[in-house]
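Reviewing the structure listed below.
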Amino acid sequence: MKKIISLTPEQAKKHFLKGTSYSTIDFPDYISFEPILGKVDKIIGERDIDQFCCCDPKNITGVNYSFLANKDGRFAWRPYELIHPVLYVSIVNLICEPDNWSTLQRRFSEFEGEPVECCSIPVISQSHQKDVAEQIRSWWLSVEQRSLAYSLEYSHILHTDVTDCYGSLYTQSIPWAIHGQDNSKEKKAERSLLGNKIETLIQAGRHGQTNGIPQGSVLTDFIAELVLGFVDHKINLRILSSDIRDVQILRYRDDYRIFANSNEMAEKVLQIVSQELLSVGMKLGVSKTISNRNVVEGSIKPDKLAGIELQDLGNANAKTIQKQLLRLHSFGQRFPNSGALKRLVSDFHKKISKQKKAPDDLEVQIAIATDIGFVSPLAFPAVAGILSYLISLAPPGQRIELWEKVRNKMARLPHNSYVDVWLQRVIQPLGMPFESQEPICKIVNGESVALWENGWISDHDLQKALNTSTIVTRSVDEMKPVIEPEEIELFTRRAWSY
């Protein structure tokens, strides 16, 4: 595997402009933003953003597109952002200029040190594996496996993470991370400063907000790593100048694992981590801060341990599909939206395809599977796969009625854009009309809908390149009604990183 920061500027730009880098949200196969990015990049060339603006985009609302995914079946949601393609390509061009890329490479190397070790710099595949698979393998080797090995050296582990990491990050910390805090403050008004340029482009898509960066792309993952690396460096300096000894910290994005040989030492480190994160607008989640005196036990997430126990869905004791679904449902109630649940649902999706005729309790199975998706909407791609198999077993005259029941239940979810996109994937190929207020669903249906506010762009060719119809690479009506496990392979792989 290869870290993105070790690429050449040309290689880095190519990577950032891939559709899977622009959006890490799991969309059906027929949706891709790569065609728009390619057209925008070709038109922009080496021009600065000021050359095709008729006004400052930060004074306009809706420049980036917010895409909401419900997290708990109720009132919690995860806001993803699809960065305006013109802003996205402009940021990519900026950071991938040879001199700027060298500056960032040098800065990342300066952040390296101990006791904090960053394990989450984006990586790319050098084989047939997808980049997501490489990132998951990187997490498994550098975090989980290393944590287990540390049980030989340390007796205590303290696990914590940042609350709303991307949403709380101060944008001014971006120039701090690149140029140093004092130097950045002295040059705050210098528009030519790399960090100031990046901050300005980030703010341009978010109505000038000074806190928060968009979530949902490899590019903003990279920017977040830059700021968090700056925080790592400050933590290292403070620990090395203190009386704290014999500790180790593994950081994967906003997740921290502190290893020590006493509670007192671990809590001293935690205090420093908390203070330095506050300096860039972030704070730790008190409810997610857990201490454990057994490093092996504390190194594996509770949902993963429980998932390992349930790996075969208890086939010995739960021999029927309904009982196995009920076990999945019970697990989902305990660990909603967890990575382990997503993996178990994906595994069950593969298994359910072996059921070749309609069972007597088919509607009950459909009801249980639907409720799993209702409680854990982020697991819905795999749930949709299960439902597509189950409903395909029903007599043709009942399939539409069953899908309508599923659709009506899922419609009760607030902020259900993510679910609607996947419901459209399984319902519309049956010849059923699918109506949704979600703009992406409307675009898939051939409607002319803008995702981003483009009124600040004066270039006619650029306006034309932003035609959202190009995000649909094939007709949803041509898709098979039944989702094969291979179609959501990327979703399944990504589940390992949660």
Query raised in the report: Between the side chains of Gln215 and Asp221, does any donor sit under 3.5 Å from an acceptor?
Result: no
Query raised in the report: Quick one: ring pair (Phe, Tyr, Trp, His ring centres under 6.0 Å) pairs with a partner in residues 216-237, sequence neighbours left out?
Result: Phe16-Phe222, Trp101-Phe222, Phe108-Phe222
Query raised in the report: Mind checking whether Glu276 and Arg238 have side chains closer than 4.5 Å, heavy atoms only?
Result: yes
**Report entry** Which residues share a salt bridge (Lys or Arg N to Asp or Glu O under 4.0 Å) with Asp371, sequence neighbours left out
**Finding:** Lys409
Report task. For the pair Ile91 and Lys197, evaluate side-chain contact (heavy atoms from CB on, under 4.5 Å) and give the outcome as yes or no after the intermediate values. Result -> CA-CA 8 Å; Ile91 297 172; Lys197 285 184 174 182; over 6 Å; no
Requested in this report: Report the C-alpha distance between Glu487 and Arg425 in whole Å, list the side-chain angles of each, state the deciding distance to 0.1 Å, and finish with yes or no for salt bridge (charged side-chain N to carboxylate O under 4.0 Å, His left out).
Outcome: CA-CA 11 Å; Glu487 188 176 335; Arg425 159 64 189 91; 2.6 Å; yes
Query - ring pair (Phe, Tyr, Trp, His ring centres under 6.0 Å) partners of Trp456, counting only residues at least two apart - result: His84
Query - Contacts of type salt bridge (Lys or Arg N to Asp or Glu O under 4.0 Å), residue Lys13, not counting sequence neighbours - result: Asp41
Query raised in the report: With sequence neighbours left out, what residues match Lys442 under salt bridge (Lys or Arg N to Asp or Glu O under 4.0 Å)?
Result: none
Requested in this report: Drop me the distance from Leu194's CG to Asn100's CG, to the nearest 0.5 angstrom.
Outcome: 4.5 Å
Report task. Taking only Lys NZ, Arg NE, NH1 and NH2, and the carboxylate oxygens of Asp or Glu, determine whether Lys301 and Glu144 approach each other closer than 4.0 Å. Result -> no
Query raised in the report: Can you tell if the side chain of Leu270 reaches within under 4.5 Å of the side chain of Ile258, non-hydrogen atoms only?
Result: yes
Requested in this report: Return each pair, listed once, that meets salt bridge (Lys or Arg N to Asp or Glu O under 4.0 Å) where at least one residue sits in residues 198-217; pairs must be two or more places apart or across chains.
Outcome: Glu81-Arg206
Requested in this report: Test Val86 against Leu466 for side-chain contact (heavy atoms from CB on, under 4.5 Å), laying out the working first.
Outcome: CA-CA 9 Å; Val86 173; Leu466 294 165; 4.2 Å; yes
Report summary line: To the nearest 0.5 Å, atom CG of Leu219 lies from atom CD1 of Ile223 at 4.5 Å
Report task. Start with the C-alpha distance between Asp420 and Arg407, add both sets of side-chain angles, then the distance that settles salt bridge (charged side-chain N to carboxylate O under 4.0 Å, His left out), and finish with yes or no. Result -> CA-CA 9 Å; Asp420 268 8; Arg407 174 75 179 96; 3.5 Å; yes
Query raised in the report: Is there side-chain contact between Arg191 and Thr200, with at least one heavy-atom pair below 4.5 Å?
Result: no
Query raised in the report: Quick one: are the ring centres of Phe380 and Tyr418 less than 6.0 Å apart?
Result: no
Report task. Please indicate whether Asp99 has more than 12 foreign heavy atoms, meaning atoms of other residues, nucleotides or ligands, lying under 6.0 Å from its CG. Result -> no
Requested in this report: May I have all residue pairs that pass salt bridge (Lys or Arg N to Asp or Glu O under 4.0 Å) and include part of residues 159-183, sequence neighbours excluded?
Outcome: none
Query raised in the report: Does a donor on one side chain and an acceptor on the other come within less than 3.5 Å for Asn416 and Glu438?
Result: no
Query raised in the report: Is there side-chain contact between Arg257 and Thr160, with at least one heavy-atom pair below 4.5 Å?
Result: no
Report summary line: Asn59 meets the side-chain contact (heavy atoms from CB on, under 4.5 Å) criterion, sequence neighbours left out, with Asp56
**Report entry** Note, Asn64 side chain near Leu82 side chain (heavy atom, < 4.5 Å)
**Finding:** no
Query raised in the report: So how far is it from Cys96 SG to Leu17 CG, rounded to the nearest 0.5 Å?
Result: 7.5 Å
Query - CD1-NZ distance between Ile121 and Lys2, expressed to the nearest 0.5 angstrom - result: 15.0 Å
Query raised in the report: Looking at residues at least two apart in the chain, or sitting in another chain, which of them share a side chain to side chain donor-acceptor pair (under 3.5 Å) with Glu186?
Result: none
Query raised in the report: Between Glu453 (side chain) and Gly62 (backbone), is there a donor-acceptor pair under 3.5 Å?
Result: no
Report task. Decide yes or no for Leu158 and Tyr256: does some side-chain heavy atom of the first lie under 4.5 Å from some side-chain heavy atom of the second? Result -> no
Report task. For Val63 and Ile83, run side-chain contact (heavy atoms from CB on, under 4.5 Å): C-alpha distance rounded to whole Å, both residues' side-chain angles, the deciding distance at 0.1 Å, then the answer. Result -> CA-CA 8 Å; Val63 175; Ile83 301 173; over 6 Å; no
Query raised in the report: Where the side chain of Glu117 meets the backbone of Leu250, is there a donor-acceptor pair that is under 3.5 Å apart?
Result: no
Report task. Kindly write out the residues that satisfy salt bridge (Lys or Arg N to Asp or Glu O under 4.0 Å) with Arg251, not counting sequence neighbours, or none if the list is empty. Result -> Glu225, Asp232
Query raised in the report: Under 30°, 30 to 60°, or over 60°: which ring-plane class applies to Phe27 and Phe33, parallel, tilted or perpendicular?
Result: tilted
Query raised in the report: Which residues pass the side-chain contact (heavy atoms from CB on, under 4.5 Å) test with Glu46, sequence neighbours left out?
Result: none
Query - Value rounded to 0.5 Å, distance of CD1 in Ile174 from CG in Leu201 - result: 10.0 Å
Report summary line: With sequence neighbours left out, the residues meeting side-chain contact (heavy atoms from CB on, under 4.5 Å) with Ala224 are Tyr166, Ile213
**Report entry** Any side-chain donor near an acceptor of the partner, Ser274 and Lys283, under 3.5 Å
**Finding:** no
Report task. Could you tell me whether the side chain of Thr24 reaches within less than 4.5 Å of the side chain of Ser217, counting heavy atoms only? Result -> no
Report task. To the nearest 0.5 angstrom, please state how far the CG atom of Leu462 sits from the NZ atom of Lys464. Result -> 12.5 Å
Query raised in the report: Are the side chain of Ser436 and the backbone N or O of Cys441 linked by a donor-acceptor pair below 3.5 Å?
Result: no
Report task. Name the orientation class of the two ring planes belonging to Trp176 and Tyr170 (parallel below 30°, tilted from 30 to 60°, perpendicular beyond 60°). Result -> perpendicular
